[in-house]
Structures are given as structure tokens and as C-alpha cells.
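One structure is given below, encoded as C-alpha cells.
Keep in mind that this is a model prediction, so the values were computed, not measured. Order of the sequence lines fixes the chain letters, A, B, ..., with proteins taken first and strands second; residue numbering starts at 1 for each chain.
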Amino acid sequence: MIGGLFVYNHKGEVLICRLFRDDLTRDAVNAFRVNVIHARQQVRSPVNLIGRVSFVHRKTDGVWLVAASRKDANAAAMVEVLRRIAITMHSYFGKLTEEAIRSNFVLIYELLDELIDFGYPQLTDPSVLKTYIMQSGVKAVTQEEQKQITSQVTGQISWRREGIKYRRNELFIDVVEHVNLLMSAQGQVLSAHVAGRVLMKSFLSGMPECKLGINDKLSIRDTSRIAVSSGTLDDSKPARVSVAIDDLQFDQCVRLGKFETEHAISFIPPDGTCELMKYRTTSDIKLPFRVIPLVREVNKSKMEIKVVLKADFKPNLIGQKIEVRIPVPPHTSGVSVICMKGKAKYKSGDNAIVWKMKRLAGGKEVQCSAEVDLLTFGNVANRKWNRPPVSINFEVPFAPSGFKVRYLKVFESKLNYSDHDVIKWVRYMGRSGIYETRC
Amino acid sequence: MTDSKYFTTTKKGEIFELKTELNSDKKEKKREAVKKVIASMTVGKDVSALFPDVINCMQTDNVELKKLVYLYLMNYAKSQPDMAIMAVNTFVKDCEDPNPLIRALAVRTMGCIRVEKITEYLCEPLRKCMKDEDPYVRKTAAVCVAKLFDMNPVLVEEQGFVELLNDLLSDANPMVVANAVAALSEINEAKPLIEVNSQMVNKLLTALNECTEWGQVFILDALSGYTPRDEREAQNICERISPRLAHANAAVVLSTVKVLMKLIEMLPADSEFIASLTKKLAPPMVTLLSAEPEIQYVALRNINLIVQKRPDILKQEMKVFFVKYNDPIYVKMEKLDVMIRLAQQSNIAQVLSELKEYATEVDVDFVRKSVRAIGRCAIKVEQSAERCVATLLELIQTKVNYVVQEAVVVIKDIFRKYPNRYESIISTLCENLDTLDEPEARASMIWIIGEYAERIDNADELLESFVDGFHDENTQVQLQLLTSVVKLFLKRPTDTQQLVQRVLSLATQDSDNPDLRDRGYIYWRLLSADPAAAKQVVLAEKPLISEETDLLEPSLLDQLVCHIGSLASVYHKPPSSFVDNTKAPLRQLAPNAAALTTNGSSSGDMDSAPGLIGVPAPAGGVPSQDTLIADLLQLDMNPMGGAAAAATAAPIAAPGGGLDDLLGLGGSLPSYGAAPAAPMVDPLAAWGVAPAAAPAPAGGLNDLFGLGGGIASMGGGIGGVQGYQTPKAVWLEAASHKGLQLEGAVVRKGGAIYMEMSITNKAMQPLSDFAIQFNKNSFGLVPAQPLHIPAPVFPNQTTQVSLRLETNGPVQKMEPLANVQIAMKNNVDVFYFATVVPMLVYFAEDGMMEKREFLELWKEPIHDICTKLQANNVFTVARRSVDGQELLYHSIKYTNKIVVLSELKMEITGAASLTLSLKSRHLTALANLNEMYQQIFDN
């Protein structure tokens with residue numbers, strides 16, 4: 001039960017103030033400003049108890065979004081609601097800046113009314129809200145349409161309206177994986193996981209029933225079928241037959257009960273884009289890149305850094321947008337860099353050498369070495385340097401976890417198109433999450 | 001054109017200007033004006049003066065304008081109740097509007113207008129809307145009932161809205177069901193009107209699969225309040241909700257975890273089902289850690305609870321809690337906490353190398369915590385202790401001030417846990433003495449020096465350097481310094497006498513701190529009386545410290561597990577501690593009030609037992625220390641000064657062996673007061689119950705000095721005049737007994753013994769379910785009937801109870817004779833205390849005796865005494881009766897030929913008392929003699 005919702009700018013001025021419960025007063029608005037925004041010591045938690053009022057906040061682009069409650073409310077829900085509010089506002093008027101909020105305050109109040117009633121979150125899906133709250137005032141709709149709207153937003157399939165028609169039924173699937181790695185300086189993997197997402201963009205008529213097949217170890221064992229490359233969507237040779245997925249999360253459109261019992265992912269997709277599922281794997285991850293840093297502190301005024309980068313994937317694939325960040329101490333006075341490929345530059349503002357390569361084929365090994373001159377006097381020089389890790393950003397055209405879409409079938413019984421008529425596209429993409437090697 | 005311009009008008013006369021604009025004929029202008037009003041309202045300006053003008057704009061077919069006017073109305077209706085009535089008509093009309101969105105808007109706003117007078121007008125429209133054909137209106141109406149209940153609960157009950165809500169649970173539309181559940185749960189929390197039954201649960205479980213994510217949260221939260229009838233039902237619910245763990249919404253996941261954690265308790269612990277369920281629980285929680293930092297934080301705080309409750313669930317997942325370089329600091333700190341909890345032999349190497357890495361980070365708090373964590377690992381996993389110590393030494397070499405300090409503090413704990421193993425590193429520690437500037441680190445270092453004084457050659461110099469600045473130190477350091485210097489003296493008495501005297505006088509004469517003075521006096525007297533005993537007390541073996549530290553108290557943990565996902569679980573505090581409403585639901589896993597808590601005073605002593613003090617001091621051990629202190633009091637009365645005056649007052653009032661009684665009482669009381677320490681106490685937080693080696697006598701002394709309050713006044717009660725009823729003494733202090741203040745006295749009324757008690761509740765929640773039990777005692781005192789307190793005692797309320805007692809219970813001789821140990825239970829906990837029942841309540845009404853009988857009886861004990869003394873080589877020389885007094889004269893000869901003469905005076909009138917006068921040429925020979933007499937008589 002959220003008692004109130006406030007939005008402040010970075011100075012602590014109130015932009016939006018909406019009280020849902022009587023137990024909160026405007027004093028709470030000030031309490032948060034004084035104790036958190038203006039606090040001398042930076043507040044170190046997103047959840048704070050001030051007086052007897054609990055505040056949950058998130059800060060984006062200099063704007064504070066705050067939910068307050070005097071009860072023992074559901075903290076997870078409060079955090080999650082704030083996130084949804086940010087998403088909703090973003091989808092209505094772009095970036096969440098002070099200016100944007102001031103310009104749209106009437107709309108925001110209107111939205112908040114639909115998002116939260118008496119502190120209870122109601123509808124937080126922007127695509128649903130957009131069916132009846134428009135930026136340019138309320139659209140004149142007929143009674144028929146009104147009825148349809150209300151029953152749709154409250155109904156079982158709130159995310160899709162009836163009567164959608166496309167001439168060409170098309171379906172795009174993007175498997176986007178973020179690889180996260182923490183490697184010790186000695187090259188030992190401390191932790192690694194892949195956070196993957198299956199994004200779907202669908203242009204399908206009617207209310208299509210879809211069924212997605214993936215090469216999850218569990219579901220494959222369940223159906224006792226081994227995935228062979230004959231799958232309609234599978235375009236590359238399967239290196240691994242199946243992947244062990246640690247955890248799966250589905251969009252609201254997926255029938256969770258059915259997944260639990262039959263391991264089948266079945267759903268009626270929302271029109272347009274949606275994040276169908278999220279998953280996480282930790283075992284057998286194919287790490288696309290390996291970074292070997294070598295840091296030698298020659299003396300107090302000099303340091304040598306050498307970084308070797310290995311592309312650990314098939315030579316016929318190409319990695320893109322590669323950017324290696326090599327940290328240097330804050331008291332660096334000058335850097336001279338030599339690299340075999342790409343461009344490397346010292347960025348004094350970031351205290352790092354940024355080494356960029358547009359493309360790098362699999363199996364290649366490149367290196368970059370630098371000589372760093374250090375200041376030997378002044379405050380900064382005496383402070384200890386904590387050696388931040390070397391981090392890398394990249395994009396590769398495969399799924400490092402080995403995740404594969406085995407099939408996606410579309411059934412629409414009422415309209416006269418079948419699974420074969422639907423044009424389907426699948427794309428795999430591996431990106432860097434937090435990919436760090438300590439040095 | 002944007003709306004931001006509305007914020008910029010700050011001219012004078014603005015209100016007047018707005019007024020004209022609001023009353024303008026042009027629709028466009030009107031709308032602009034209302035927007036300006038709302039903008040002013042947002043920034044906190046008072047625009048209530050415009051109330052009638054804004055209300056006038058309400059009658060419009062422009063929905064946007066209507067919404068704005070409603071927003072204004074919700075804000076100011078309370079301050080203008082009379083004018084708010086003007087709006088009622090519009091609401092009633094809007095509730096009939098053909099557009100469902102307008103109907104819903106009216107219902108939604110209606111409930112937010114908190115004006116008493118209006119509420120009754122709203123009942124009819126609300127009832128209609130609850131049966132509206134449109135689900136959007138129904139779902140809004142459901143929430144409106146909760147709003148109305150918040151304002152006027154009686155009205156909601158009278159008008160039958162609760163039943164209507166109940167009907168909505170069977171609605172075809174899942175969102176309506178979800179909102180009805182939310183509203184019902186809130187109403188039930190304040191006042192249980194509808195019982196959640198299995199039929200309702202079935203409905204909810206069906207709706208769960210269909211409704212929106214928030215609806216799922218409402219339903220799951222409602223389910224967490226339901227207790228299934230049997231295992232099968234519990235298992236069924238588990239099966240049906242566990243798919244929710246795969247939901248993308250963190251709130252849904254955590255609420256599911258909450259319900260599952262609760263239901264698991266109901267299932268047989270070793271069943272296969274539980275195994276598979278716990279396997280399912282881990283992945284979703286780990287996944288939450290890849291969400292955004294705010295969610296991670298909430299998840300981590302909850303994981304901390306779950307790991308304490310069921311360590312198995314996440315024991316394989318250590319790696320995911322490794323700190324990432326970019327994690328916000330609050331996430332880092334929480335991860336570290338969880339890491340320590342999950343550390344065990346199999347993963348300790350990994351954990352240690354991580355912790356070492358963290359100890360070189362930049363954030364001071366985080367580094368400190370990491371260093372502390374290394375120490376914790378050493379204590380938790382014995383095999384790793386060596387590595388941990390080596391790591392700590394490496395860190396000390398960095399010479400970073402706060403790292404060194406933190407390392408010293410944890411090394412002290414390691415010394416406590418593994419005595420005589422790592423003392424070789426003391427020299428390294430001593431090198432860093434100068435860098436220590438925080439009290440805790442200084443105190444720890446001083447403790448180490450004192451404890452290992454015999455191995456540190458210049459221990460006296462080191463301590464002396466601390467003593468030089470004694471007055472500038474924090475109390476914690478002063479106390480520790482005092483103890484360490486005494487230890488040093490006992491170990492190396494020859495060259496440290498001056499130092500110890502200096503410290504003792506600093507502590508006793510120049511300090512305003514009562515704790516410090518008390519401790520100083522105790523040491524002083526111990527040392528002057530019997531250095532050997534002092535050695536026994538001060539250098540006693542210390543109890544081991546416990547492995548698991550800062551665990552939550554089990555009952556609190558159980559309570560918090562029922563609140564997973566909520567704010568309580570984030571704060572790790574029970575909801576009652578931060579929510580005003582005392583009606584907050586008190587959910588409990590199982591009624592287990594068995595957890596005992598410590599009530600030790602925190603005087604900050606490192607020798608105290610932070611872990612298991614457990615067993616009360618054995619009765620046999622206590623008397624020897626009593627006598628020791630009895631000696632002290634006899635011999636050393638003079639330097640006691642002012643403090644002694646209070647102490648002497650009590651024994652004088654007591655008849656006969658009053659002094660002994662009092663001391664005995666002092667001895668046995670604390671052993672019950674302080675002994676049942678909770679098995680798990682943070683060694684750092686619970687530094688010190690009292691000097692642990694001699695908890696009993698120290699407590700006794702405190703009490704004698706009048707610090708213990710209750711006991712001293714009870715002592716006074718013993719000597720009370722006949723017919724006098726002992727005033728109530730404090731038996732349980734609210735501060736240390738979870739808010740229960742118990743004052744009481746045992747009195748004799750109309751031929752029966754009564755225990756008069758006043759129970760005061762100083763806690764936040766009502767206290768109930770009181771029960772009382774007596775331990776075996778000398779007179780077989782037991783309650784005649786069970787303790788009956790009809791109604792729960794509400795906060796800040798006091799209840800008077802009179803409990804009739806009988807003397808036909810089991811008998812066991814107590815020390816002192818009239819001591820009774822009592823256990824008192826309520827819904828919160830069990831408390832133990834002891835009291836000395838004034839002897840006069842035992843005086844029977846038929847105590848009248850014939851004169852002759854009296855005389856005969858009187859002679860008997862005298863004769864008895866003489867034979868007893870004779871048997872112990874105390875010889876009766878003469879016997880005399882002078883006006884109601886019986887005088888006995890005795891002679892004693894020591895083996896070294898010193899002769900002692902004694903006169904024993906017995907009062908015949910009034911209370912029976914013995915006065916002993918001793919005479920000898922050598923005064924020292926009289927020491928302890930009264931004690932000897934006492935012992936002879938007792939045998």
C-alpha cells in the first residue's frame with residue numbers, strides 16, 4: 001500500500017506530489033527532501049525509514065521518484081512500481097527529465113490515477129494505458145469502443161485487442177544475451193553468467209496461439225526428443241545439444257501453469273514488440289573474449305601495462321563494436337599507447353585507456369601496450385590506487401550460452417492462415433554485460 | 001505548447017487573477033486556469049481559497065478538465081467540508097454516466113473525499129457501482145470500499161459492503177477479484193470480519209492464473225495469511241503457486257517465496273516434495289540479483305533472512321554474491337553479509353580471496369566490513385583460521401589506518417576463539433599501537449595486552465602509556481584498561497603495584513561513571529582481601545565465543561519470514577516497531593515463546609561470555625564467593641565511603657543473619673537474572689553482562705549498593721515491622737523484559753498469603769496469555785489457582801492482580817530461606833525472576849503459645865547452641881539472664897595460643913536476634929569469626 005508518490009528535481013523541488021492515503025501529509029514530502037536529497041551524508045540505501053514513514057526511491061537523470069508509506073507495505077512492489085512508472089512515463093514522453101515532467105504534469109496525474117488507486121498498483125503496462133489515455137486529451141470514442149476498452153484492460157488478455165488484421169503475417173525473434181564475467185588476474189573465472197532475453201515482434205492477425213520450443217535441457221528430456229538441426233528456425237549447426245537453464249522468467253502473456261506441467265511455452269502474443277522471456281544460465285558458457293592484463297609498476301613515476309585480447313570463437317564469425325577499457329591511476333600525467341589493431345586513446349576524465357576496434361574475427365589475438373607516467377607529488381599521488389578491473393564491451397553474432405529456438409508454431413483457428421503462412425525470422429546476438437578481468 | 005509554463009506564474013495577486021479566469025466563459029481559458037491551480041497545488045502553495053470557483057468547473061463533459069477538478073477536490077475537500085457537499089450531486093450523476101470510464105472516475109474520486117458528512121450520500125452510488133455491468137467500474141468500486149472503511153468502518157459494516165466485496169471474489173473478471181482481495185485483506189487486518197477459508201483460497205488460486213501481475217501480488221499476500229488445514233492442502237497450494245516463481249515481476253516472485261516459506265514449515269521436513277521445492281526456490285532469487293540495484297537490495301535483504309532460516313536453499317550459490325566493481329555500495333554491503341553467512345569449509349578459499357580483494361577497495365565502510373568478515377570466517381571455519389590470520393597480518397602491513405584498527409578488533413575475537421595459538425603475532429600488533437584511535441580498536445588492543453601480559457615484555461609500559469591519558473578515553477576503553485591493568489598486576493605483581501594503584505584510584509575517585517567506579521571498587525577490595533581469590537576471579541577461564549554471529553533472534557526471524565518482500569523484511573525489524581497502528585497483524589509461524597533473551601547490562605567487558613553462558617552458576621560455587629565478599633565488607637568498610645552507607649543500611653535492618661541473607665540473596669538472584677542468556681548473541685554487541693568470571697557476586701554487590709533497586713528494597717522489607725505490608729518492589733524491569741513491567745509484593749491478608757502484582761505494559765503490542773509458575777521452595781509456596789488475567793493488557797495500561805498462594809507445594813531448601821524463584825509467561829516470552837518473600841507472611845495465625853511452653857522452648861535452643869559450640873571447641877564459660885536478655889560467654893583458643901573471648905546476647909522479647917561481641921588482644925584474630933559462628937549454627 002503506497003501512501004504517496006512524489007517526484008523531485010535534483011534540487012529537491014517538488015514536481016509531482018500525489019497522496020493516496022490520508023495517513024501521509026505534505027510533511028512527508030519535506031522529510032524526504034531534508035533527510036535524503038539534502039542529506040549531508042549520502043544516503044546509502046534505496047529504502048529509508050524517516051520518522052515513521054518509509055521511503056523507497058530511485059533516481060534517474062537527476063529526477064527522484066519516491067514512493068512513501070506509513071504501513072508495512074510490500075517493498076518489492078514499491079520498487080517495482082517505481083520502475084514501471086518510469087517506463088510508462090518514458091513511453092509517453094521520452095526521457096524522464098525535469099523539463100519533460102513539468103511539461104506533462106497534467107498527463108502524469110492522469111496516469112498516476114490509473115497506475116495506482118488508494119496505494120494499490122493497478123495497470124502499469126504502457127501499451128494498455130495507451131488504449132485509453134492519450135497524450136492529446138481524450139479521444140472521442142463511441143460507446144461500443146469504450147466498452148471494449150474497459151473489458152480489454154481488465155480482462156484475461158489485457159495485452160491484446162480483438163480484430164487485428166495483417167496482410168502479411170510476420171514474426172521476428174531476437175535472442176539477445178548479455179554475458180557477465182568476473183575473472184581474476186590469474187585467469188580464473190570467479191563468476192560468469194548469461195542473462196538472456198527473447199524479444200519478439202509479431203505482426204499476426206486475430207488471436208493467434210503460439211508455442212515456442214527451446215533447447216532447454218529440461219524440456220528436451222521431457223519430450224524425449226533430441227533436437228537435431230532440422231528445426232525450421234535453426235540455421236547454424238548445433239554445437240551443444242541442449243543448455244541447462246538455471247532460471248526462466250516469462251512475460252505475463254505466457255501461461256505459467258502450462259510451463260510448469262508440460263514444459264511448453266504457450267502464449268497469445270501482444271501485438272508489436274514484447275519481451276517474451278528472460279533466462280539465466282551459468283554452466284558451459286562460451287566466453288567470446290579473453291583478456292590477459294599485465295600491469296607492472298616500474299617505479300613511483302612509471303607503470304607499464306600490456307593487455308592481450310583473444311577472440312575465442314569460430315573464425316567465420318566476427319565480433320563487433322569492441323571496446324576495452326584499461327584503467328590507469330588518477331595521478332597519471334601522460335600515456336603512450338601502441339596497439340596492433342584499432343585505436344587506443346587515453347581519456348583523462350575517465351582515468352582509463354579506451355581501446356576500440358570495429359571488428360575482430362574469431363580466433364584472432366591482438367594486444368595493446370602502454371607506458372604510463374605518474375605524478376609523484378600532490379594529494380592524488382599519495383592515495384592508494386585500487387586497481388579497477390579491465391572491462392570490455394562487444395557484440396558477437398551467436399548466443400554464448402548455446403541457447404537455441406527449436407521451433408515457434410502459430411495456430412489461429414478462426415482465421416484462415418496456418419503456421420506455414422507465417423514468415424518467421426530468428427536472430428542471435430551476444431553482448432557484453434559486466435565483463436571484467438581484474439588486474 | 002507544454003504545460004510547464006503553469007509553474008512559472010508567481011506574480012502577486014495571482015489568486016485573484018486565477019479567480020477571474022476560472023469564472024471565464026471560455027472553456028479553453030477555464031481549463032488553462034485549472035491547470036495553473038493544480039501546478040500551484042503541486043509545489044505546495046495554498047490555493048484552497050479558490051474552492052468554490054474550481055468546483056463550479058466540475059459540471060463539464062470534458063474528461064480532462066473533470067479529472068483536474070477532481071484532483072483539486074481530493075486535496076482540499078477536507079479543509080472545506082461544507083462546500084465539498086456541493087460536489088455530491090455531480091458524483092451521483094456521474095455514477096450513472098453511460099461512459100464506464102466516467103463512472104469509474106466518479107467512484108474512484110468519491111472515496112478519496114474524506115468528509116464525514118458526504119460518506120452517507122455515497123453509499124448508494126457505490127453499491128450500484130459494485131454491481132455495475134462493466135468490470136472496470138467494479139474493480140474501481142472494490143477499492144473504494146477499502147477507502148470508505150478507512151474513513152468510516154462502522155458504515156461499511158452496517159451497509160453490508162463487506163458481503164458485497166465477498167461476492168466480488170467470485171467475479172468472472174480476474175482484476176475485479178484481485179482488487180476485492182486487496183480491499184478485503186486490508187479490512188481484515190484492521191478488524192477480522194471475514195475468515196479466509198479453503199473455499200475462498202480455491203477461488204483465489206484459480207484467479208491467480210489469470211489476473212495481472214499486481215493482482216497476483218494481492219492474492220499471494222492474502223494467501224500468506226491463511227493457514228491450511230492439513231499437509232495435503234499445504235502441498236496443493238505450494239504446487240499451484242510455485243509456477244509464479246518464474247514471473248518477471250520481483251514483487252510476485254518474493255510474495256510467492258513468502259507463501260512457500262510459510263507452507264514449507266507445515267510439511268514433513270524430510271519429504272521429497274520439500275527437497276524439490278527448495279531446489280525451485282534458489283534460481284528465482286539468484287535471478288533477482290541481475291535486476292536493477294534497488295530490486296537487488298530488497299532481494300538481498302530478504303535472502304539474508306532466508307539464508308538464516310533455511311541455509312540449504314542457497315548454499316551452492318556463493319558465487320553470485322561476489323561483489324561487482326560497479327555495484328552500488330548498498331548492494332555491496334548486503335552481498336558481503338550474505339557471503340559470510342554462506343561461508344563454509346568447502347568454499348572458504350574462494351571467499352577469503354574475494355574478501356582480501358575487497359579490503360583494498362576505496363569505500364571505507366565496505367573495507368571495514370570486509371576485514372571484519374575475514375575475522376568472522378576464521379571464527380566460523382576453524383580450518384581456515386590460519387589463512388585468515390595470515391591475511392589479516394598482510395592487511396595490517398598496509399598500514400592503512402582503518403584497516404589496521406578493524407583487524408585488531410577481529411584478531412581479539414580470534415584470540416578468544418583459539419586461545420594460545422596465534423599469540424606469535426602479538427609483536428606485530430604492538431607495532432601499530434600508535435595508529436589506533438577508535439575506542440573499539442583501542443579497547444581490543446588493551447584487552448590483548450592484558451590477556452597476554454606475561455608474554456609481552458613491555459606490557460607495563462604499554463599500559464602505562466594508556467593510563468596517562470585515562471581521562472580522555474572513552475568509557476569502553478577505561479573499563480578495559482582497568483581490567484587489563486589488574487590482570488597485569490596479578491601476573492606480574494612485583495613491578496606493577498604502583499600502576500595498579502594509580503588506575504584504581506583513577507577509576508574510583510576521579511571518575512563520574514558508576515560502572516567504572518563499581519568495577520574499580522570490586523577489584524580494589526578483591527585485591528586487598530585475597531589476591532589468590534582475585535586471581536581466580538579475574539584470570540578465570542573465559543567461555544568460548546559462539547560461531548554464528550549477529551543472527552536474528554529466532555522468534556523475530558520467524559516473524560520476519562512471514563513478511564518477506566515487505567518493508568519489515570528490508571529493515572529486519574518487526575512491523576510493530578515502525579508502524580503506528582498497533583493493530584498491525586502479528587503473524588507467527590508457530591507459537592514458540594521458548595526463546596530466552598539476555599538481559600545483561602552492557603558495561604562493555606571483553607571477558608564476558610558473548611556466546612553461551614547458558615547454565616546458571618552452580619549453587620555450590622556461589623557461596624564460597626559470597627563469603628569472600630562478606631569478608632570484604634567486614635574488613636574494608638572504611639574506604640567504601642559514601643557508597644557503603646547505602647549498603648550498610650540494609651543489613652542493619654535485617655534480623656539475625658540478615659547480612660548473610662542479603663548476600664546470599666544477592667548471590668542467587670543474578671544467577672537467575674543474568675544466566676538465561678540467549679544462545680546466540682553477537683560477541684561485539686553483547687560485550688559484557690558483568691565481569692563474567694564472577695557474575696554472581698558482582699551482581700550482588702551492585703544490588704547492595706542500591707543499584708539493583710528492587711532487591712535492596714526487598715531487603716528492607718525483611719526487617720519490616722509487624723503488621724506492615726511490604727510495598728511493591730519491581731520484579732521485572734520493562735526495559736529488559738520486552739516491555740513487561742512487573743511490580744509485586746507477597747502479603748498476608750485474612751489468614752492467607754497473597755501475591756499482589758501490578759502488570760504494566762510498556763511495549764507496543766498488547767500482552768496476554770499470562771501464566772505463572774513457582775520453583776520448589778523452602779515453604780512449598782505455590783499458587784492456589786492459575787493466574788487469571790481476563791483481558792490482554794494494552795500498551796501503557798496497568799492491571800492489578802491478586803493471586804492467592806498456598807504452602808502445600810513441593811519443598812526444597814532455598815538460600816536464603818525465603819527465596820522463591822518464579823517464572824512468568826506471556827504471549828511474548830518467558831521471564832524468570834526471584835524474590836525473597838518477607839518471613840512474616842509465613843507467620844501462622846495460631847502462633848500464640850502458653851507461657852510455660854514458651855520458656856521451655858526458649859531454653860531448648862540455648863542448650864542446643866551450647867552443645868553445638870562445644871563440639872567445635874567453643875567453650876561456654878558462663879550463662880546469665882538479665883532483664884529479658886540471655887547472655888552466653890565463650891572462650892576460644894587458637895592453636896597459636898591467641899585467646900578470643902565472646903559474648904553472645906540473645907533477645908527474648910521481640911524478634912529473636914543474636915548479637916555477637918568479640919574481644920581479643922589481636923584484632924586480626926577476630927576476622928571471619930562471626931562467619932564461623934554462623935556456620936556452626938547453620939549446621
Would the distance check show the side chain of [X] and the main-chain N or O of [Y] forming a donor-acceptor pair, the cut-off being under 3.5 Å?
X: A/Asp72; Y: B/Ala568; result: yes
X: B/Arg108; Y: A/Phe118; result: no
X: A/Gln249; Y: B/Ala246; result: no
X: A/Glu80; Y: B/Ala250; result: yes

Atom pair OG1/NZ of B/Thr287 and A/Lys278 - distance to nearest 0.5 Å =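 Nearest 0.5 Å value for the OG1-NZ distance: 8.5 Å.
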query = What's the spacing between A/Asp247 CG and B/Leu245 CG if we round to 0.5 Å?
reply =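 The distance works out to 8.5 Å.
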Toward chain A, the part of [X] with a non-hydrogen atom under 4.5 Å:
X: B/Tyr358; answer: side chain
X: B/Asp150; answer: side chain
X: B/Ser255; answer: side chain
X: B/Asp171; answer: neither
X: B/Phe578; answer: both
X: B/Val323; answer: backbone
X: B/Leu254; answer: side chain
X: B/Asn249; answer: both
X: B/Glu133; answer: side chain
X: B/Ser290; answer: side chain

task = Run the numbers on B/Lys573 and A/Leu49 for side chain to side chain contact (heavy atoms under 4.5 Å, CB included), then give the verdict.
result = CA-CA 11 Å; B/Lys573 283 184 203 161; A/Leu49 184 64; 3.9 Å; yes
Full working for side chain to side chain contact (heavy atoms under 4.5 Å, CB included) between A/His193 and B/Val320 = CA-CA 9 Å; A/His193 78 268; B/Val320 298; 6.0 Å; no
Looking at every heavy atom in both [X] and [Y], which two are closest together, and how far apart are they?
X: B/Val570; Y: A/Ala75; value: CG2-CB, 3.8 Å
X: B/Glu294; Y: A/Pro46; value: CG-CB, 3.7 Å
X: A/Tyr132; Y: B/Leu101; value: CD1-CD2, 3.8 Å

Non-hydrogen side-chain atoms of [X] and [Y] separated by less than 4.5 Å:
X: A/Asp117; Y: B/Lys147; answer: yes
X: A/Arg70; Y: B/Val579; answer: no
X: A/Asp125; Y: B/Glu213; answer: no
X: B/Trp214; Y: A/Tyr120; answer: no
X: B/Tyr571; Y: A/Val47; answer: yes
X: B/Phe218; Y: A/Pro121; answer: yes
X: B/Asp221; Y: A/Asn74; answer: yes
X: A/Asp246; Y: B/Val286; answer: no

Chain B contact via [X] - side chain, backbone, both or neither, heavy atoms under 4.5 Å:
X: A/Val254; result: neither
X: A/Val189; result: backbone
X: A/Met277; result: neither
X: A/Asn30; result: neither
X: A/Asp23; result: neither

Chain B contacts, top residue of [options] (heavy-atom pairs, under 4.5 Å):
options: A/Asp251, A/Asn180, A/Leu123; result: A/Leu123
options: A/Ser191, A/Ala77, A/Ser45; result: A/Ser45
options: A/Arg255, A/Gln252, A/Gln42, A/Arg83; result: A/Arg83
options: A/Asp113, A/Val29, A/Ile434; result: A/Asp113

inquiry  = Using the rule given for side chain to side chain contact (heavy atoms under 4.5 Å, CB included), can you reason through A/Arg18 versus B/Met74, listing the C-alpha separation, both sets of side-chain angles and the distance that settles it, and then say yes or no?
reply    = CA-CA 10 Å; A/Arg18 178 77 171 85; B/Met74 284 186 263; 3.7 Å; yes
Could you tell me whether [X] and [Y] make a salt bridge, using a distance below 4.0 angstrom between a side-chain N and a carboxylate O?
X: A/Arg438; Y: B/Glu354; value: yes
X: A/Glu260; Y: B/Lys280; value: yes
X: A/Arg58; Y: B/Glu292; value: yes

task = Could you give me the CA-CA distance, side-chain angles and deciding distance for B/Asn179 and A/Gln122, then say whether side chain to side chain donor-acceptor pair (under 3.5 Å) is met?
result = CA-CA 9 Å; B/Asn179 276 0; A/Gln122 299 288 309; 2.8 Å; yes
query = Is the closest side-chain donor-acceptor distance between B/Thr42 and A/Tyr109 under 3.5 Å?
reply =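 Distance-only check passes for B/Thr42 and A/Tyr109.
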message = Between B/Tyr325 and A/Ser391, is there a side-chain donor-acceptor contact under 3.5 Å, judged purely by atom types and distance?
response =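 Per modelled atom types, A/Ser391 and B/Tyr325 side chains form no pair under 3.5 Å.
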ask   = What do the steps show when you test B/Glu186 against A/Arg21 for salt bridge (charged side-chain N to carboxylate O under 4.0 Å, His left out), and what is the final call?
value = CA-CA 13 Å; B/Glu186 186 167 341; A/Arg21 295 257 172 169; 2.5 Å; yes
request  = Apply salt bridge (charged side-chain N to carboxylate O under 4.0 Å, His left out) to A/Asp22 and B/Lys78, showing your working.
outcome  = CA-CA 10 Å; A/Asp22 199 42; B/Lys78 221 169 139 191; 3.0 Å; yes
